[in-house]
Each structure stands twice: as C-alpha cells, then as structure tokens.
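Scroll down for the structure; my scribbles are underneath it.
Only a predicted model underlies this, so the values are computations on that prediction, with no experimental measurement involved.
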Amino acid sequence: MPELPEVETIRRDLEGRLTGRRFTAVRIPPDWGKPVPVIKGIDEARFREGVIGARVEGVERRGKYLAFRLDNGLQLAVHLRMTGSLLHRPAGAGPDRFLRATLALDDGTELRFADMRKFGGLWLVEDVADAVAGDLGPEPLSEGFTESVLAGALRGRKAPVKAVLLDQRRVAGIGNIYADEACFAAGIDPRRPAGSLSPEEVAALHAAVRKVLLFGVESRGASFRDYQDADGNSGSMQMHVQVFRRNGKPCYACGAAIERVRLGGRSTHFCPKCQR
DNA sequence: CGTTACCTGAAA
DNA sequence: TTTCAGGTAACG
C-alpha cells in the first residue's frame, strides 16, 4: 500500500509524539485465518525483551521502512507492505480492524499495527538493512540522488523503465502509483527499455521522480483503498494523480484515453499520446 | 530477467 | 465467482 510519501507522512506525524517516549508493553492479539507471525527475524520473547523499557530516540524512514531508533542501540523497523497501517491511539480508543500488534507507551498512548493481508511486519534489528533481503538504493529525495545516479541505474538495462523505478535496490521508496506518475510527468512510456533513454529523458525522469514524490508528501499520501495516516485519516494525493487508475478516462493534458497494461505483474497506466 | 506465491477482503 | 490490490522474496 504505502510508498515513500505515505511512510514519510506517518514518520513526520510520529516523530514529535514518540521521541522521548518509552515502550511499556507489547501485545500480540490472537491471529485470524491462517497464522502468520507478525514479528520477523526473531522470536517474540526476544522481541519483547528488546522493546519493552526502551526509549525512542528518533523516528526515521529508509525507503518504505519506518525505523524507531531505540536507546539500547537497536531499531524497531516496520514495513507496511500492501495493507499495513500504523496507528497512534489513546490506550482507551476503540478496537481497530485487522490488529496485529499493539505497543504501549509511557504516556498512555499506543502504537497499533494493523494489516489485513498480513504481508507486513515488525523487526528488531541493529540496522534497517538487516530487515531487507537485498540492499536498498539511494533515497530519491536526498542530495545523493543525482541525475547521474539515476542514469547509472538505467544504463545498459533492457528491463522496462518502470521495472527499474520499482526496484528498491536501484532507488528506494517508489511504488506502483509514483512510478506511473513519474513516467507520465517525464513524458516517457513506462515500457521503454531503461537503457534506451536519452540523457535528456533521464534528466526529465529524474526531475519527475522528485516532483511526484514531493507532491505526494505535500498531499499526505494517496488513499485509494487502505492507506491511512497515524491518526486514521486519508491523504489527498488520489485526487491529484494524472494516470494511476485513470484507465479509460481522458488525459488531462491531451484528452486521449489513458491506457492500462500489465507490466511485471503490476497494473501500469499511461497516456499513449503524451508518453513516448 | 519475468513470473509466482504469500493472504484476505472488496468490488466487478 | 472472478478479479484485483500502494509490495517483495523466492522461484525458474
């Protein structure tokens, strides 16, 4: 569900509220349906040991991971995958659907992890990198993400441009919405072989990636279906998208019907006239 | 490199 | 009943 802008929205909201707080309890409710552990990488007992009593020193984001830096040198990392949400509630607040874990804090509030499809999870690691299979690429909104870094990621590859944008080892944080939106903003057909882009097109794509992600953050994320922020509120980016899930509707720029194709197993939306 | 599995509910 | 879903890791 959530991509960089959605995770960043949650991070910003939680940073001020959780920094300095201490975790006082970990509660894992009984599972429903097929049992899937919500704690990844270590057993639940060791997770509790490391989290309970630890103070939050900061809330960071790496790609689509949220990481709570703890005063014991460990990081509590969270990945929401498709349908996860991280809610900050008063301890007495009503129940949340699909609740997977509750972390109580010393100020009478709770961090609740809910996740309908159970793809997401919680890690207790020394570094977020320890929660990821491969290595995460550069942060697209950081100084380090230059035109030449993007050029290097695309160079020599025959995979579609969109596949490279979605590859977290090349660039961290872009998902299906913002990949489609970036390709539209750059005027590039998402099916083009990555290595076939001219330097001008690479420059346009670089600018477009940053533009759409920043717009997403300003809009507090896109709530098409499940995404909600830490207070359970929706973002507004879904009202501003140019192509995502707009198949059959007229392009805002030229009026042509937006098309949808399947690319690498993901729905891909683009304007056949504006994007070459 | 592309495809498939993971899991569940909502919408077509 | 079938299709679809803001993701990723494990396949072949």
Side-chain angles (χ1 to χ4, degrees), chain A residues 1-10 31-38 40-41 61-66 77-86 96-100 113-121 123 128-137 140 153-154 156-183 190-195 209 212-213 215-217 219-229 234-248 260-269:
Chain A
M1 141 190 91
E3 310 180 27
L4 185 153
E6 289 73 33
V7 179
E8 178 63 17
T9 298
I10 296 171
D31 210 335
W32 68 92
K34 229 176 197 212
V36 178
V38 64
K40 312 293 187 187
R61 181 190 56 73
R62 184 75 179 88
K64 300 173 192 173
Y65 286 85
L66 256 191
V78 182
H79 199 302
L80 304 168
R81 291 287 166 87
M82 293 289 267
T83 56
S85 49
L86 202 56
D96 285 295
R97 271 189 104 184
F98 310 119
L99 186 70
R100 300 275 284 148
F113 177 65
D115 185 14
M116 193 246 288
R117 290 177 75 182
K118 305 180 184 176
F119 290 165
W123 288 257
V128 174
D130 301 337
V132 200
D135 284 334
L136 286 176
L154 298 166
R157 244 160 267 289
K158 64 167 204 190
V161 181
K162 181 178 175 183
V164 174
L165 293 179
L166 289 178
D167 186 345
Q168 303 298 297
R169 293 166 306 190
R170 309 271 165 214
V171 190
I174 302 172
N176 211 28
I177 299 175
Y178 298 94
D180 282 2
E181 293 298 311
C183 288
R191 300 166 296 184
R192 286 266 304 281
V209 162
V212 301
L213 290 176
F215 193 16
V217 172
S219 305
R220 297 186 57 80
S223 297
F224 280 95
R225 193 193 199 75
D226 304 290
Y227 170 69
Q228 44 185 340
D229 67 20
S234 293
S236 59
M237 184 65 189
Q238 68 281 4
M239 305 200 272
H240 304 296
V241 293
Q242 304 293 298
V243 289
F244 187 76
R245 293 203 196 165
R246 291 198 65 248
N247 42 94
R260 180 175 76 169
V261 296
R262 193 153 291 273
L263 217 165
R266 317 295 305 277
S267 273
T268 297
H269 316 75

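- Protein atom CG of Asp167(A) is 14 Å distant from nucleotide atom P of dA10(C), rounded to whole Å.
- Heavy-atom minimum distance, Asp180(A) versus Phe244(A): OD2-CD1, 3.9 Å.
- Using a 4.0 Å cut-off, no side-chain N or O of Arg262(A) falls inside it from OP1 or OP2 of dT3(C).
- Following rounding to the nearest Å, Phe224(A) (CZ) and dG7(C) (C1') show an atom-to-atom distance of 16 Å.
- We find that Arg117(A) and Asp226(A) are not joined by a salt bridge, their nearest charged nitrogen and carboxylate oxygen being 4.0 Å or further apart.
- Rounding to whole angstrom units, CG of residue Asp226(A) and C1' of dG9(B) are separated by 9 Å.
- Here dT8(B) is the nucleotide among dA9(C), dG7(C), dT8(B) with the atom lying nearest to any side-chain atom of Lys118(A).
- A close approach under 4.0 Å does occur between a side-chain nitrogen or oxygen of Arg97(A) and OP1 or OP2 of dA10(B).
- If you take atom P in dA10(B) and the same atom in dT8(C), they sit 24 Å apart, rounded to whole Å.
- Note: CG (Asp135(A)) to P (dA9(C)) measures 11 Å, nearest angstrom.
- Looking at which nucleotide of DNA chain B each of Ala163(A) and Lys34(A) is closest to, the 5′-most match is held by Ala163(A).
- Rounded to an integer number of Å, the gap from CG of Leu99(A) to P of dT8(B) is 16 Å.
- Checking dG2(B), dT8(C), dA10(B) against every side-chain atom of Ala159(A), the shortest atom distance belongs to dG2(B).
- By the 30° and 60° cut-offs, the orientation of the rings of Trp123(A) relative to Tyr65(A) is perpendicular.
- Note on Tyr178(A): nothing from the nucleic acid sits closer than 4.0 angstrom, heavy atoms only.
- Of the candidates dT8(C), dG9(B), dC4(C), the closest approach to any side-chain atom of Arg260(A) belongs to dC4(C).
- Between Trp32(A) and Phe98(A), the ring planes are tilted. Angles from 30° to 60° get that label.
- At the phosphate of dG2(B), neither OP1 nor OP2 sits under 4.0 Å from any side-chain N or O atom of Arg157(A).
- Taking the C1' atom of each, dA9(C) and dG9(B) are spaced 23 Å apart, rounded to whole Å.
- The aromatic ring of Phe119(A) stacks onto the base of dC6(B), its centre lying under 5.5 Å from the centre of the six-membered base ring with the two planes under 30° apart.
- Counting non-hydrogen atoms under 4.0 angstrom, Pro160(A) reaches the backbone sugars and phosphates but no base.
- In this structure, CD in Gln242(A) is found 14.0 Å from NE2 in His269(A), a value given to the nearest 0.5 Å.
- Nearest to the side-chain atoms of Arg81(A) among the listed nucleotides dT8(B), dA9(C), dC7(B) stands dA9(C).
- Closest contact between the side chain of Phe98(A) and the listed nucleotides dG9(B), dA5(C), dG7(C) involves dG9(B).
- For the pair Lys158(A) and dG2(B), the criterion of a side-chain N or O lying under 4.0 Å from OP1 or OP2 is not met.
- The phosphate of dG7(C) has neither OP1 nor OP2 within less than 4.0 Å of any side-chain N or O from Gln168(A).
- Contacts of Gly265(A) with the nucleic acid, taken as non-hydrogen atoms under 4.0 Å apart, are absent.
- In this structure dT1(C) sits in a base pair with dA12(B), meeting the Watson-Crick or G-U test at under 3.5 Å.
- One can place CZ of Arg225(A) at 9 Å from P of dA12(B), the figure rounded to the nearest angstrom.
- At whole-Å resolution of the value, NE2 in His269(A) and P in dA5(C) are 7 Å apart.
- Between the side chains of Glu3(A) and Tyr227(A), no donor N or O sits under 3.5 Å from an acceptor N or O.
- In terms of position on DNA chain C, the residue among Arg117(A) and Ala131(A) whose nearest nucleotide sits closer to the 5' end is Arg117(A).
- Between Ser267(A) and dA5(C) there is a side-chain N or O to OP1 or OP2 distance below 4.0 Å.
- Distance Tyr227(A) OH to dA10(B) C1': 21 Å, rounded to the nearest Å.
- Residue His79(A) places at least one side-chain N or O under 4.0 Å from the OP1 or OP2 atom of dT8(C).
- Taking every heavy atom of both residues into account, Thr9(A) and Gly221(A) meet most closely at OG1-N, 4.0 Å.
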